[in-house]
2 protein chains.
Amino acid sequence: MARDPAGGPAQLVLTASVARRYYLDGRSKIEIAEEFALSRFKVARLLESARATGLVRIEIGYPGEVDLELSGLLQERFGLCHSVVVDTPDDDIGSLRRRLGAAAADLLGEIVTAEDVLGLGWSRSVSAVAAALTELAPTPVVQLTGALSRPDGDDGSVDVVRDVARISGGPAYFFHAPLLVPDPATARALRRQPEVARAFAQFRSVTKAVVGIGRWAPNQSTVYDAATDRERRALRRQGVCAEVSGVFLTEAGDTLPTALAERMIGVSAAQLRAMREVIGVPYDVVKAPAVRAALRSRLVSGLVTHTSLARALLTEG
Amino acid sequence: MARDPAGGPAQLVLTASVARRYYLDGRSKIEIAEEFALSRFKVARLLESARATGLVRIEIGYPGEVDLELSGLLQERFGLCHSVVVDTPDDDIGSLRRRLGAAAADLLGEIVTAEDVLGLGWSRSVSAVAAALTELAPTPVVQLTGALSRPDGDDGSVDVVRDVARISGGPAYFFHAPLLVPDPATARALRRQPEVARAFAQFRSVTKAVVGIGRWAPNQSTVYDAATDRERRALRRQGVCAEVSGVFLTEAGDTLPTALAERMIGVSAAQLRAMREVIGVPYDVVKAPAVRAALRSRLVSGLVTHTSLARALLTEG
DNA sequence: GACGCTCCTGCTCATCTGAGCGGTTGGCCG
DNA sequence: CGGCCAACCGCTCAGATGAGCAGGAGCGTC
């Protein structure tokens with residue numbers, strides 16, 4: 001881009017006046033041409049040069065929390081339905097999660113309609129979304145997975161679904177069961193429970209869902225933390241990179257059937273994929289590989305994150 | 001202007017993306033509509049709202065010395081051919097004058113063509129212009145008035161014309177005579193001098209001129225300072241407000257025939273008015289009334305000034 | 001002085017764009 | 001349940017606009 005404008009001060013003043021009339025006063029080029037006794041072509045060329053030399057500067061964006069540019073780039077780059085990047089520091093995980101929860105809650109409030117059926121995965125970010133939610137179209141709310149008790153004792157799995165349903169005013173389909181049980185037989189028995197079966201029956205009608213995204217590594221996925229050492233190593237050998245609502249993904253984004261599957265209570269990859277929009281709410285830059293896997297799998301079609309993770313996602317792959 | 005944009009984050013991200021495509025990537029609204037699967041009307045409305053809410057901000061101007069906005073406003077407000085407002089502090093008169101001189105020199109270099117005949121009045125600002133001039137079309141240069149010796153001894157009147165002519169490469173029409181002589185007879189005699197007559201003969205062909213603007217008050221016009229107390233009072237009674245190259249003006253901008261006229265050696269109001277463009281280079285806010293008079297008289301059709309005087313001119317009358 | 005070169009200008013024509021209009025939807029009240 | 005209001009949407013059509021072109025001025029070279 002050329003810096004200094006061509007011509008002397010008179011030219012400059014003229015160009016600036018024309019630009020003001022055009023960009024700020026909204027006059028047409030023809031009007032301006034008449035006013036300044038120029039041809040409309042001349043006016044067009046003056047305006048072009050004003051843009052090219054930087055005399056006219058156009059900025060897009062709010063001083064607000066949402067980084068609109070990153071959001072747009074992310075959306076384009078990965079072909080997402082929605083993407084919200086919150087510009088917030090990532091040093092305090094707690095407040096970061098709250099911010100993302102609030103942003104995702106806003107997004108839900110905006111894009112969920114009465115025709116939707118909302119599914120909720122189980123993760124701390126989903127809890128944060130529920131905590132921040134204030135309004136929602138009257139839609140049914142469906143629990144997508146069992147819950148694992150968290151080390152910090154903040155086990156709100158079922159409450160999350162109920163809370164959200166209370167806000168929406170729609171029916172709540174929830175159940176009391178862990179995500180991971182000790183053996184396949186227990187899992188089968190649980191799935192037959194009326195409460196569980198009732199929720200599972202709703203999976204096929206769910207249109208929008210919110211899920212967390214975990215990475216197959218210590219402290220980056222509650223499933224990982226709940227698994228045995230043996231299973232951890234086995235899945236790692238199988239190439240598991242990410243975990244989305246109990247669905248395992250390779251780095252390339254392929255779903256992986258695993259031995260763990262038959263011990264888990266929750267939505268399947270196929271069911272997840274059938275939902276029109278699945279919004280992931282990941283945080284922490286170290287999760288970038290997992291998020292990339294989730295995006296590649298196209299299981300996740302919406303994203304609410306923070307700037308550092310968004311940048312990490314954009315700067316490779 | 002509405003602040004916060006309508007809608008939630010998704011709407012916001014969409015609007016920002018559309019705005020980026022339109023304003024920064026230069027795509028047409030129709031292209032954008034196809035890309036985002038919207039109607040072109042929807043795109044137009046999104047863009048409108050983006051402008052209205054301040055999501056898209058357009059700024060005009062350089063970080064440079066020239067205040068383009070003030071220049072344009074001044075030009076419009078008073079119907080000037082040219083106007084250059086230099087954004088420079090006005091506390092140090094000397095450097096202020098140098099800056100204005102440089103700006104006016106740039107302007108001359110730009111707008112003077114080989115077809116022009118350049119006239120120069122006598123004032124410190126004109127000297128400053130000459131000092132800063134580096135290039136000029138090959139045009140004749142004509143001295144418009146006699147010179148008064150200044151208290152500071154910096155009497156460069158004749159040299160100014162010669163210097164400028166040297167830069168332009170055209171002929172110089174100058175003469176050695178004061179602007180104000182003790183009696184009408186001396187003035188008549190001087191005007192008959194070949195050197196003087198030769199310059200005067202050029203007045204009618206002068207197309208562009210540079211002049212200072214004086215105010216009829218102590219230290220604000222060299223003519224005032226050179227006049228007798230009696231004359232000062234007499235002219236003030238007559239309503240003299242400004243003095244432009246020895247031509248007297250009322251506050252309303254009417255030219256005033258005065259007793260002083262027949263003692264002066266210089267261009268007449270009619271001759272001045274016949275010139276296509278007369279550029280005044282006034283400085284110092286206290287001169288605002290005189291400048292306003294000069295503008296109203298339409299004797300002066302171009303202006304090179306500093307911001308504080310420009311603002312003073314715009315904030316009344 | 002002839003030539004080629006570049007820059008600048010304004011034109012034509014196909015396309016793009018804005019103002020205003022009417023139809024539809026959804027919410028709200030009588 | 002019907003009717004009203006407001007918001008939103010996409011259409012028409014006249015007017016605005018851009019891409020590309022041709023003519024001409026200025027300029028350096030031979």
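Chain A is the first sequence line, chain B the second, and so forth, proteins listed ahead of strands; every chain is numbered from 1.
- Within the structure, every side-chain polar atom (N or O) of A:Lys29 is placed at least 4.0 Å from both OP1 and OP2 of D:dA16.
- Put simply, CD1 on A:Ile30 is 17 Å from P on C:dC16, counting in whole angstrom units.
- Residue-environment remark: CD (B:Glu135) stays at or below the threshold of 12 foreign heavy atoms within 6.0 Å.
- Nearest-nucleotide positions on DNA chain C place A:Lys42 closer to the 5' end than the other of B:Arg40 and A:Lys42.
- For the pair B:Leu46 CG and C:dT17 P, the interatomic distance rounds to 14 Å; values are reported in whole Å.
- Across the protein-nucleic acid pair, A:Arg27 atom CZ and D:dT17 atom C1' stand 18 Å apart, rounded to whole Å.
- To the nearest angstrom, P of D:dC11 lies 6 Å from CZ of B:Phe41.
- Straight-line distance from the CD atom of A:Glu34 to the P atom of D:dT17: 11 Å, rounded to whole Å.
- Applying the side-chain contact (heavy atoms from CB on, under 4.5 Å) test between A:Lys208 and each of A:Ile111, A:Leu108, A:Ile279 identifies A:Ile111 as the sole match.
- Atom OH of A:Tyr22 and atom C1' of D:dG18 are 11 Å apart (whole Å).
- Salt-bridge formation is detected for the pair A:Glu76/B:Arg21: a Lys NZ or Arg NE/NH1/NH2 atom is positioned less than 4.0 Å from an Asp or Glu carboxylate oxygen.
- Between the side chain of B:Arg45 and the base of C:dG18, no donor-acceptor pair under 3.5 Å is found.
- Residue B:Arg21 contributes atom CZ, which lies 17 Å from atom P of C:dC16 at whole-angstrom precision.
- Counted within 6.0 Å of CZ on A:Arg57, heavy atoms from surrounding residues, nucleotides or ligands total more than 12; the atom is thus considered enclosed.
- Atom CG of A:Leu47 and atom P of D:dA16 are 15 Å apart (whole Å).
- For the pair B:Ser39 and D:dC9, the criterion of a side-chain N or O lying under 4.0 Å from OP1 or OP2 is not met.
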